[in-house]
Amino acid sequence: MLPAKLHIEDVALRPVAEKVMAGDRLTAEEGLALYRSNDLLALGWLANFVRETLHGKRTYFNVNRHINPTNVCVASCRLCAFGRKPDAPGAYTMALEEAFRIAGANWTEAVTEFHIVGGLHPDLPFEYYLDLLRGLKQRFPSVHLKAFTAVEIAYYSQITRLEIHEILIRMKDAGLGSLPGGGAEIFAPAVRHVICDHKIGAHTWLKTHRLAHELGMHSTATMLYGHIESDADRVDHLLQLRDLQDKTKGFLTFIPLAFHTANTELGKMVQHRETTGFMDLKNVAVARLLLDNFAHIKAYWIMLTPRVAQVALKFGADDLDGTVVEEKIYHDAGAATPQSMTRQEIIRLIREAGHEPFERDTLYRPVQRTETRVTVQV
Ligand code: V47
């Protein structure tokens with residue numbers, strides 16, 4: 001029995017809506033029905049129902065800083081505008097001291113997380129990354145290090161000939177707190193072959209996250225949409241994430257990432273067709289409905305724009321990510337959003353939506369601030 005206030009125009013959504021309201025798990029076919037529907041308000045209503053059942057009007061955010069130690073990359077993924085060959089214009093690699101200086105620069109709002117990702121550098125030794133983690137932990141002991149995508153971890157395994165499991169153990173010992181969700185893209189091999197044929201496949205991405213979870217670390221998961229993937233590819237991607245989450249419960253959040261076309265080979269292939277507001281909100285809503293075992297869905301304001309991210313809070317998202325400070329991956333691909341937002345700006349977006357801002361750390365524990373101190377409640 002559907003509530004009277006839920007207005008559904010698309011009759012194909014009715015049986016799916018019944019299952020959502022009953023709290024039942026959706027199948028791949030039902031996921032396809034969601035993607036194929038243009039009844040965005042009904043999708044949003046249902047996703048918001050799940051979001052409010054889990055979190056009420058609470059919206060999470062954090063105070064974080066992105067650090068990209070190098071953009072030099074041996075891979076040449078068609079989706080990417082960030083990576084450079086070592087001698088290409090704009091190629092950079094931070095000396096460790098520089099990375100430490102950047103981490104602490106403009107320390108106006110004490111950050112609780114450094115989000116660190118970079119290219120697959122042909123010459124940097126594995127020790128560089130361990131020293132980076134150790135040096136940051138020593139200088140900023142209270143800051144959580146969310147660092148290195150599964151693609152980077154697998155690359156360190158390749159260059160050291162150590163097992164991925166061993167790489168993760170050494171990194172955890174050096175201060176690694178959790179893994180970010182990058183590099184997942186779209187799991188379907190035929191799509192992966194076109195958009196990022198130099199990257200690890202789905203199996204290794206999922207295995208790396210599983211191993212991290214088994215070592216007691218959490219991670220996040222992403223999906224890159226809005227290029228050449230089909231609705232079925234997206235459903236397949238989400239259900240593979242849901243399967244792993246059933247086994248490990250290690251994913252904290254899912255983040256749908258809208259493809260930005262500028263300066264990418266893939267952008268040329270799709271005639272620089274960017275995602276639309278409709279597509280962005282639909283992806284947030286479908287993720288909320290299919291990923292019934294993920295606690296959080298993040299509307300990453302950097303890629304959605306603060307405007308769409310704010311609206312996404314009514315379409316299933318409960319998290320806006322953070323202050324970020326100097327984002328590079330999306331801005332190299334043409335993002336017109338600011339490179340950072342202050343805590344106060346994020347809070348305003350949340351309050352205007354009628355929601356309650358909740359500052360969290362990486363693990364979603366509440367952060368309390370006084371004038372001089374930041375404390376995380378454990
Ligand atoms: O893996 C790269 C994507 C990802 C482009 O874990 C692009 O909380 C769009 O994963 N257009 C890295 N996307 C960023 C990422 C992320 C971001 C925010 C939060 C978290 C988290 C993770 O960015 C890459 C790739 O999927 N990407 N190039 C592009 N041109």
Side-chain angles (χ1 to χ4, degrees), residues 60-62 64-68 71 73 75-84 113-120 144-154 177-187 191-192 195-196 198-200 205 209 212 217-229 237 241 250-270 272-275 279-280 283 294 296-305 309 317 319-325 327-337 339 360-364:
Y60 300 84
F61 71 98
N62 72 348
N64 63 352
R65 172 182 271 276
H66 283 204
I67 304 173
N68 305 117
N71 63 355
C73 192
S76 310
C77 298
R78 289 193 180 91
L79 68 90
C80 181
F82 173 69
R84 302 275 191 290
E113 170 188 284
F114 291 134
H115 179 163
I116 308 167
V117 292
L120 310 180
H144 180 103
L145 304 181
K146 173 162 124 179
F148 310 121
T149 63
V151 177
E152 289 157 270
I153 301 284
S178 63
L179 299 189
E185 321 309 3
I186 284 279
F187 290 146
V191 176
R192 240 180 146 71
I195 70 173
C196 58
H198 300 106
K199 271 188 187 156
I200 54 173
W205 192 95
H209 282 258
M217 287 188 280
H218 285 91
S219 69
T220 56
T222 59
M223 176 179 77
L224 184 73
Y225 66 89
H227 42 89
I228 58 165
E229 85 288 2
H237 187 98
L241 291 174
F251 289 119
L252 291 164
T253 316
F254 173 74
I255 311 122
L257 295 171
F259 176 52
H260 281 46
T261 66
N263 306 317
T264 68
E265 283 300 311
L266 184 58
K268 287 184 210 151
M269 292 173 70
V270 298
H272 292 285
R273 196 192 56 229
E274 298 286 344
T275 67
M279 193 191 278
D280 291 337
N283 272 285
F294 275 63
H296 302 283
I297 305 290
K298 188 186 284 187
Y300 183 39
W301 64 265
I302 286 267
M303 64 86 170
L304 287 177
T305 74
D319 188 337
L320 280 184
D321 199 75
T323 47
V324 178
V325 189
E327 200 285 333
K328 286 189 172 49
I329 296 174
Y330 275 88
H331 287 83
D332 283 355
T337 47
Q339 280 189 298
R360 60 165 180 88
D361 71 351
T362 310
L363 304 176
Y364 286 82

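Along the sequence shown, the residues carry numbers beginning at 1. Quantities reported herein were computed from a predicted structural model and do not represent experimental measurements. Whatever order the structure lists ligands and atoms in, that order sets their numbers, starting from 1.
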A.B. asks: Looking only at protein heavy atoms, which one is nearest to atom 13 (N) of ligand 1, and what is the separation?
C.D. replies: Tyr330 OH, 2.9 Å
A.B. asks: Does His115 use its side chain to pair, donor to acceptor, with the backbone of Lys146 at less than 3.5 Å?
C.D. replies: no
A.B. asks: Once rounded to the nearest 0.5 Å, what's the spacing between atom OH of Tyr300 and atom CG of Asp280?
C.D. replies: 14.0 Å
A.B. asks: Judged by non-hydrogen atoms, does Gly183 sit under 4.0 Å from ligand 1?
C.D. replies: yes
A.B. asks: Heavy-atom contacts under 4.0 Å between Ala333 and ligand 1: side chain, backbone, both, or neither?
C.D. replies: side chain
A.B. asks: Judging by distance only, is a nitrogen or oxygen of Thr220 under 3.5 angstrom from one on ligand 1?
C.D. replies: yes
A.B. asks: What is the distance from atom CZ of Phe254 to atom CG of Asp319, rounded to the nearest 0.5 Å?
C.D. replies: 13.0 Å
A.B. asks: In terms of residue, atom name and distance, what is the protein heavy atom nearest to atom 12 (C) of ligand 1?
C.D. replies: Ile329 CD1, 4.0 Å
A.B. asks: For ligand 1, which atoms sit closer than 4.0 Å to a heavy atom of Leu224?
C.D. replies: 7 (C), 9 (C), 13 (N)
A.B. asks: What protein heavy atom lies closest to atom 15 (C) of ligand 1? Include the residue and the distance to one decimal.
C.D. replies: Leu257 CD1, 3.9 Å
A.B. asks: Please could you name the atoms of ligand 1 that Lys146 approaches to less than 4.0 Å, counting only its heavy atoms?
C.D. replies: 6 (O), 8 (O), 21 (C)
A.B. asks: So if I count the atoms of ligand 1 from 1 in the order they appear, which ones are less than 4.0 Å from some heavy atom of Thr222?
C.D. replies: 10 (O)
A.B. asks: Using only atom types and a distance under 3.5 Å, with no angle test, would you say the side chain of Glu152 pairs donor to acceptor with the backbone of Gly118?
C.D. replies: yes
A.B. asks: Look at atom 19 (C) of ligand 1 and find which of His66, Glu185, His115 reaches it with the closest heavy atom.
C.D. replies: His115
A.B. asks: Counting only N and O atoms by type, is there a donor-acceptor contact under 3.5 Å from the side chain of Arg192 to the main-chain atoms of Ala184?
C.D. replies: yes
A.B. asks: Got a donor-acceptor contact below 3.5 angstrom from the Thr222 side chain to the Gly181 backbone?
C.D. replies: yes
A.B. asks: Do ligand 1 and Leu79 have nitrogen or oxygen atoms that lie under 3.5 Å from each other?
C.D. replies: yes
A.B. asks: Just by distance, no angles: are the side chains of His272 and Thr261 close enough, under 3.5 Å, to form a donor-acceptor pair?
C.D. replies: yes
A.B. asks: Heavy atom under 4.0 Å from ligand 1: found in Tyr300's side chain, backbone, both, or neither?
C.D. replies: side chain
A.B. asks: With atoms numbered from 1 as shown, which atoms in ligand 1 lie under 4.0 angstrom from a non-hydrogen atom of Ile255?
C.D. replies: 6 (O), 8 (O), 20 (C), 21 (C)
A.B. asks: So which protein heavy atom does atom 10 (O) of ligand 1 come closest to, and at what separation?
C.D. replies: Gly182 CA, 3.0 Å
A.B. asks: Lys298: heavy atom below 4.0 Å from ligand 1, yes or no?
C.D. replies: yes
A.B. asks: Taking Trp301 for the side chain and Thr323 for the main chain, is one N or O donor matched with an acceptor at less than 3.5 Å?
C.D. replies: no
A.B. asks: Looking only at atom types and distance, does a side-chain atom of His198 sit under 3.5 Å from a main-chain N or O of Ser76, one as donor and one as acceptor?
C.D. replies: yes
A.B. asks: Is a donor on one side and an acceptor on the other found under 3.5 Å between the side chain of Asn64 and the backbone of Glu113?
C.D. replies: no
A.B. asks: Which residue holds the protein heavy atom closest to atom 11 (N) of ligand 1, what is that atom called, and what is the gap in Å?
C.D. replies: His260 N, 2.8 Å
A.B. asks: What is the distance from atom CG of Asn283 to atom CE of Met223, rounded to the nearest 0.5 Å?
C.D. replies: 4.5 Å
A.B. asks: Considering only heavy atoms of Pro180, which atoms of ligand 1 have at least one such atom less than 4.0 Å away?
C.D. replies: 6 (O)
A.B. asks: Can a non-hydrogen atom of Ala184 be found less than 4.0 Å from any atom of ligand 1?
C.D. replies: no
